[in-house]
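Fair warning: this is a prediction, and the values are worked out from it, not measured in the lab. In what follows, chains are A, B, ... by sequence order, proteins preceding strands, each numbered from 1.
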There are 2 protein chains.
Amino acid sequence: MNKPETRIQQRNRTAILSAGLDVFSQFGLRGSTLDQIAESAGLSKPNLLYYFRSKDAIYTALLEKLLETWLDPLLKMDPQGDPIQEILGYVHRKLTMSKEYPRESRLFANEILLGAPHIAEHLSKDLRALVAEKAVVIKEWEAAGKIAPVDPYHLIFSIWSTTQHYADFDVQVRAVLGGIDPFDDAMKYLDTLFRRMLTPPKV
Amino acid sequence: MNKPETRIQQRNRTAILSAGLDVFSQFGLRGSTLDQIAESAGLSKPNLLYYFRSKDAIYTALLEKLLETWLDPLLKMDPQGDPIQEILGYVHRKLTMSKEYPRESRLFANEILLGAPHIAEHLSKDLRALVAEKAVVIKEWEAAGKIAPVDPYHLIFSIWSTTQHYADFDVQVRAVLGGIDPFDDAMKYLDTLFRRMLTPPKV
DNA sequence: TCGTGATTTGACCAACTGGTCAAAGTGAGG
DNA sequence: CCTCACTTTGACCAGTTGGTCAAATCACGA
């Protein structure tokens, strides 16, 4: 049923999504115009709309593609691994994503900040299920005495917030630090923070 | 020079700012229209513009008023107080603000996410100075052995991010938790998180 | 080389939106 | 009750923007 994509289609769709990511992450959905995206993609506006039905379609396609990538680090947290290493590894991966993919982080943040109208369902289904599953794992680690007692949901929220902060609030972080690159120190700090949080008290 | 405000001016300006906060925090600057704000304020559009020069003027006025309120909790951190109590008190106040003033938090978050074009200068002056000052205090507490060694800047970032997360990403938090009010558990969790982070190791 | 479907575009449109303005309405002090 | 400054508004405008369309151009297999 699905016709295979021609090389031109592939190239142009990719260019449009890339341009869309650039523009949407800077100005938000309502703040971005088709002309901006078209120019950034090196295409004419009608040509954009030949590949995507509407502005919203570009935005939605982008979000959906993004969601997988975004959940992947949590998915990779291994129930069989060493608990503290697994959680710290998750923090590490998440912070690295903030550094490597700040545009994606900001696009996502903007969507949620404005009420997540395009992905509400996804959040309350897939995301919720995934977090619930990992929360169980964390509770088991706790029961086994491998980590200190902790609310797994809020632990995850705090990992999300602290790591994404360096992408989403980048301007503020740099204003406060005066231009020093924050990521190295952030990694050390967050490692310490969650290590102290999770290390079981000596008996 | 400044004429005193009449009662009508006071009432209407207040109504406009309140409506602006409501609308801007939901849709962002570009996503909000004067008509929306006017309707929400119970005024006609030209009447809005009798009180504020432009849409941007409403937004800017709102941001400036907000900034004081926003920094106040950090300002109140007392160098003379008990270190751990002071920092945990700050966390507490900040989370309470997320609960009581989510619109303000989201408005602020949106501004920064989009590059903080209206308050960039403020961030790199006032905010930066305030944080630097408090960082010194925290370092002194550390030197006195009252708290565990910690990077004061990233400590503050992590307090901002974890507390504001409950306002800014409210939709996501509630989607994951399935409607349970997050704030009580969040308070317990964050108290634990920062207490474990800051409690000095036994010698 | 040709024909056909895929691709591209200039011209255009309707809706929306920020902002203006002249005129009408209103209320508090004299 | 009158006046004058303050307040309010309907009508309007110009720029922007998402989206359409018919016609032109291109690319590729036969």
Exercise for review: Determine the sole option in B:P149, B:P152, B:P200 for which the side chain to side chain contact (heavy atoms under 4.5 Å, CB included) test with B:E142 is passed.
Suggested key: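 Answer after filtering B:P149, B:P152, B:P200: B:P149.
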Revision key, fill the gap. Given protein heavy atoms under 4.0 Å, the one-letter contact record of nucleotides 21-30 of chain D, with B base, S sugar-phosphate only and - none, is simply B------S--
Rounding to a whole Å, what distance do you find between [X]:[atom1] and [N]:[atom2]?
{"X": "B:N47", "N": "D:dC6", "atom1": "CG", "atom2": "P", "answer": "15 Å"}
{"X": "A:L48", "N": "D:dT20", "atom1": "CG", "atom2": "P", "answer": "13 Å"}
{"X": "A:Y51", "N": "C:dT8", "atom1": "OH", "atom2": "C1'", "answer": "8 Å"}
{"X": "B:Q9", "N": "C:dG27", "atom1": "CD", "atom2": "C1'", "answer": "14 Å"}
{"X": "B:L49", "N": "D:dT8", "atom1": "CG", "atom2": "P", "answer": "13 Å"}
{"X": "B:Y50", "N": "C:dA24", "atom1": "OH", "atom2": "C1'", "answer": "14 Å"}
{"X": "A:D56", "N": "D:dT17", "atom1": "CG", "atom2": "P", "answer": "17 Å"}
{"X": "A:K55", "N": "D:dG18", "atom1": "NZ", "atom2": "P", "answer": "4 Å"}

Point to revise | Sugar-phosphate, base or nothing in reach of A:F52, heavy atoms under 4.0 Å | key: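 No contact.
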Check your understanding: Only one of A:H118, A:E64, A:E111 forms a side-chain hydrogen bond (donor to acceptor under 3.5 Å, both in side chains) with A:Y59, so which one is it?
Key ->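 Exactly one option meets the side-chain hydrogen bond (donor to acceptor under 3.5 Å, both in side chains) with A:Y59, and it is A:E111.
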Check your understanding: Testing B:S105, B:S161, B:S98 for side-chain hydrogen bond (donor to acceptor under 3.5 Å, both in side chains) with B:D168, which one passes?
Key ->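 Exactly one pass, corresponding to B:S105.
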**Study point:** Rounded distance (nearest 0.5 Å) linking atom CG of A:D56 with atom CG of A:L63
**Key:**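 Those atoms lie 9.5 Å apart.
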Review point. When you look at CD of B:E39, are more than 12 heavy atoms from neighbouring residues, nucleotides or ligands closer to it than 6.0 Å?
Key: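 Incorrect, the count does not exceed 12.
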Review point. Any chance NZ of B:K139 has more than 12 other-residue heavy atoms, nucleotides or ligands included, within less than 6.0 Å?
Key: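 Buried by this count: over 12 neighbours within 6.0 Å.
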Check your understanding: Parallel, tilted or perpendicular for B:F157 and B:H154, by the 30°/60° rule?
Key ->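 The rings of B:F157 and B:H154 stand perpendicular, inter-plane angle above 60°.
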Check your understanding: Of the residues in residues 12-38 of chain A, which ones touch DNA chain D at a heavy-atom distance under 4.0 Å?
Key ->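 Going residue by residue through residues 12-38 of chain A, the ones with a heavy atom under 4.0 Å of DNA chain D turn out to be A:S32, A:T33, A:L34.
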Check your understanding: Between B:K188 and A:D151, does at least one N-O distance fall below 4.0 Å, as a salt bridge requires?
Key ->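 Here B:K188 does not pair with A:D151 in a salt bridge, since their nearest N and O are not under 4.0 Å apart.
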Review point. Taking the side chain as C-beta and beyond, is there a heavy-atom pair between B:I87 and B:L155 under 4.5 Å?
Key: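 Yes, side chains in contact.
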